[in-house]
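Take a look at the structure below.
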Amino acid sequence: MKLAAKEGLSLINGTQLMTAIGCMNIFRAKNILKVADIAAAASLEAVAGSHIPFNEDIILSRPYRGALDSASNMRSLLRKSKINQSHKNCPKVQDAYSLRCVPQVHGAVRDVFSF
């Protein structure tokens with residue numbers, strides 16, 4: 001095959017390198033989104049936090065796709081938690097805001113990433 005005018009330039013102008021770096025960054029960003037939820041779940045467990053803020057009915061009151069996905073992931077990560085059982089008759093009103101708002105914050109990042 002013989003290259004036509006400007007085809008040789010397109011092979012050496014760095015486009016494939018920029019595409020590779022972009023793909024690598026997308027892969028890293030997806031991993032960071034997963035790790036952020038894992039870190040939040042581990043933090044919630046460490047402080048014996050409540051799982052109520054991740055309840056699907058609560059999250060559906062403001063149905064943003066990213067928040068729904070993040071809350072679903074948190075529920076999945078915390079599914080086998082024995083700590084949540086301690087909150088059945090707990091006088092504690094609320095956990096730290098930074099833990100209660102995980103679906104909204106992580107969800108907003110997920111929405112931007114999806115966009």
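Index from 1, following the sequence.
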query = What distance do Arg79 atom CZ and Ser81 atom OG have between them, rounded to the nearest 0.5 Å?
reply = 11.5 Å
message = Please find the pair of heavy atoms, one from Pro103 and one from Pro53, that lie closest to each other, and give the distance.
response = CG-O, 4.4 Å
ask   = Of all heavy-atom pairs between Ile58 and Ile52, which one has the smallest distance, and what is that distance?
value = CD1-O, 3.2 Å
Non-hydrogen atoms of Ala71 and Ile59 that approach each other most closely = CB-CG1, 3.5 Å
message = Give me the atom names and distance for the closest heavy-atom approach of Leu99 to Phe54.
response = O-CZ, 3.6 Å
key: Check against side chain to side chain contact (heavy atoms under 4.5 Å, CB included), His51 and Glu45   = CA-CA 9 Å; His51 301 182; Glu45 288 289 280; 3.4 Å; yes
request  = Would you mind listing every side-chain hydrogen bond (donor to acceptor under 3.5 Å, both in side chains) that reaches into residues 18-34, with sequence neighbours excluded?
outcome  = none
Would you mind writing out the side-chain donor-acceptor pairs for residues 104-115 within the sub-3.5 Å range, not counting sequence neighbours?
residue	atom	partner	partner atom	Å
His106	ND1	Asp37	OD1	2.6
Arg110	NH2	Asp37	OD2	2.4
Asp111	OD1	Gly66	N	2.7
Ser114	OG	Arg110	O	3.1

request  = Name all pairs fulfilling the side-chain hydrogen bond (donor to acceptor under 3.5 Å, both in side chains) condition that reach into residues 58-69, sequence neighbours left out, sorted by first residue then second.
outcome  = Arg65-Asp69
task = State, without any angle test, whether Ser72 and Glu56 hold a side-chain donor-acceptor pair at a distance under 3.5 Å.
result = no
inquiry  = Return the CG to CG distance between Leu33 and Asn73, rounded to the nearest 0.5 Å.
reply    = 10.0 Å
query = Hey, is the main chain of Asn55 close enough, under 3.5 Å, to the side chain of Arg75 for a donor-acceptor pair?
reply = no
